Amino acid sequence: MSEIYVDNNATTQVSPEVLEEMLPYFNEFYGNPSSMHTFGGKVEHKITEARARIASLLGASSEEIIFTSCGTESDSTAIRSVILSNPDKKHILTSRVEHPAVKNLYEYLSKNGYRVTFVPVDRKGRLDLDYLYENLGDDTALVSIMWANNESGVIFPIEEISKVVREKGIVFHTDAVQAVGKFPIDLKAIDIDMFSLSGHKLHGPKGVGALYVRRGTKYTPFIIGGHQEKGRRGGTENVASIIGLGKACELAAAHLSDNNNQVKQLRDKLENEILKRVSNTIINGDRNNRLPNTTSIAFEYVEGESILLMMDEFGICASSGSACTSGSLEPSHVLRAMGVPFTAAHGSIRFSLSKYNTEEEIDFIIEKLPPIIERLRELSPFWKKIK
Ligand code: PLP
């Protein structure tokens with residue numbers, strides 16, 4: 001068997017249909033979309049189409065979509081835009097479990113003149129909404145809360161939060177990089193001002209993202225240069241990737257419920273069988289309110305990295321819940337914020353599925369994983385103590 005790829009929250013395979021649509025724009029239609037000639041105009045036309053496809057998936061208008069180079073750039077653009085557009089307000093708020101794209105920028109801003117509130121989560125990864133609302137003030141410029149967490153898969157109540165935040169006249173941004181394509185989103189019906197997405201998380205290419213900016217929202221560009229994106233983001237467009245992102249959004253819209261029902265069934269089978277076959281195993285995150293493709297499983301008293309290495313020998317690609325910082329394997333900030341005990345956080349593995357996974361692949365993981373955990377536990381002094 002070749003690779004079994006269950007690491008789709010890290011990145012996804014580019015769909016064949018996406019690749020096919022991109023290819024002519026490398027060497028056949030290579031014109032610059034800003035050129036006046038018809039050749040360039042053909043490219044401009046496809047970019048307009050891509051913008052409309054993204055807008056349609058999100059329930060937005062085309063002119064509310066700005067192309068960027070990735071999810072990180074979309075997040076940075078949104079956050080920097082809000083603080084530059086509201087120079088008198090010096091308080092910003094986010095959650096403790098954001099992706100580094102938001103978390104690290106907030107930490108940087110906390111050292112550069114901003115008062116920053118990080119909202120905690122509970123043991124299941126659910127946001128403390130009372131804490132969030134209590135900390136909104138007249139000085140708050142921005143609230144940025146991710147829609148779905150990349151590690152636990154937990155989905156936050158963005159509809160409710162954005163409503164409360166906007167009623168107070170505060171700008172609301174959401175990092176929806178892990179949400180897009182995984183459940184229906186209708187930005188017309190929700191009070192979101194800014195919304196980030198990334199191509200490579202939904203079977204589009206890497207190196208392209210988009211930022212939704214609601215019509216009427218004050219906006220200051222991050223990359224200032226040419227007139228591209230109506231002056232909202234300078235730089236010649238990454239044409240083929242933009243076209244790929246548009247196609248990926250079109251496919252996501254057409255197959256949203258089929259794909260996600262299928263993926264959820266496989267995820268549930270994987271999770272339930274592992275829980276049945278392996279003792280001292282915990283699911284990290286709210287099982288009732290999660291992305292359909294994600295499960296974060298803590299195997300107590302084993303090292304996640306050892307599990308990953310042993311799975312890798314069978315071609316199984318997943319992620320651990322640790323971040324390799326300064327030579328030591330620290331549990332990730334997400335698992336720490338959730339209060340996952342050390343013994344469990346260290347042995348946490350994230351499986352994130354896609355529409356390309358098959359039942360045969362899931363059965364293979366279910367067969368190979370329990371003996372791996374058993375072998376590793378036999379070597380664990382902690383395990384011997386509690387046995
Ligand atoms: N936000 C979330 C929630 C993510 O999961 C990721 C990528 O893992 C990003 C932002 C960054 O996206 P990109 O890799 O396109 O910069």
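For ligands, and for the atoms within them, numbers begin at 1 and follow the listed sequence. The shown structure was predicted, so the numbers you read here are calculated from the model rather than taken from an experiment.
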Open item on the list: Between Arg290 and Asp286, does any NZ, NE, NH1 or NH2 come within less than 4.0 Å of an OD or OE carboxylate oxygen?
Closed with: no
Open item on the list: Counting only heavy atoms closer than 4.0 Å, does ligand 1 sit against the backbone of Glu98, its side chain, both, or neither?
Closed with: neither
Open item on the list: Side chain, backbone, both or neither: which applies to Ser198 and ligand 1 if a contact is any heavy-atom pair less than 4.0 Å apart?
Closed with: side chain
Open item on the list: So that I can tick it off, tell me whether Lys355 and Asp258 are bridged by a salt bridge, with the cut-off set at under 4.0 angstrom between side-chain N and carboxylate O.
Closed with: no
Open item on the list: Please state which option from His99, Gln178, His200, Met146 has its nearest heavy atom closest to atom 14 (O) of ligand 1.
Closed with: His200
- [ ] May I ask you to decide whether Glu271 forms a salt bridge with Arg287, counting only side-chain N to carboxylate O separations under 4.0 Å?
- [x] yes
Task: Shortest protein heavy-atom distance from atom 1 (N) of ligand 1, along with the residue and atom involved - done: Asp175 OD2, 2.6 Å
Task: Nearest protein heavy atom with distance in Å, relative to atom 8 (O) of ligand 1 - done: Lys201 NZ, 2.5 Å
Task: Side-chain ion pair, Glu159 and Lys163, N-O less than 4.0 Å - done: no
Task: Ion pair check, Glu359 and Lys269, cut-off under 4.0 Å - done: yes
Open item on the list: Check Glu49 with Lys46, please: is the shortest side-chain N to carboxylate O separation under 4.0 Å?
Closed with: yes
Open item on the list: Heavy atoms only: which of Asn9, Leu197, Thr72 lies closest to atom 16 (O) of ligand 1?
Closed with: Thr72
TODO: Quick one: look at Val177 and ligand 1, take heavy-atom pairs under 4.0 Å, and tell me if it's side chain, backbone, both or neither.
DONE: side chain
- [ ] Determine, for Arg350 against Glu151, whether the closest basic-nitrogen to carboxylate-oxygen distance falls under 4.0 angstrom.
- [x] no
Task: Ligand-side contact atoms (ligand 1) for residue partner Asn150, heavy atom cut-off under 4.0 Å - done: 3 (C), 5 (O)
Open item on the list: For the 3.5 Å polar cut-off, considering only N or O atoms, please tell me whether Gly71 and ligand 1 meet it.
Closed with: yes
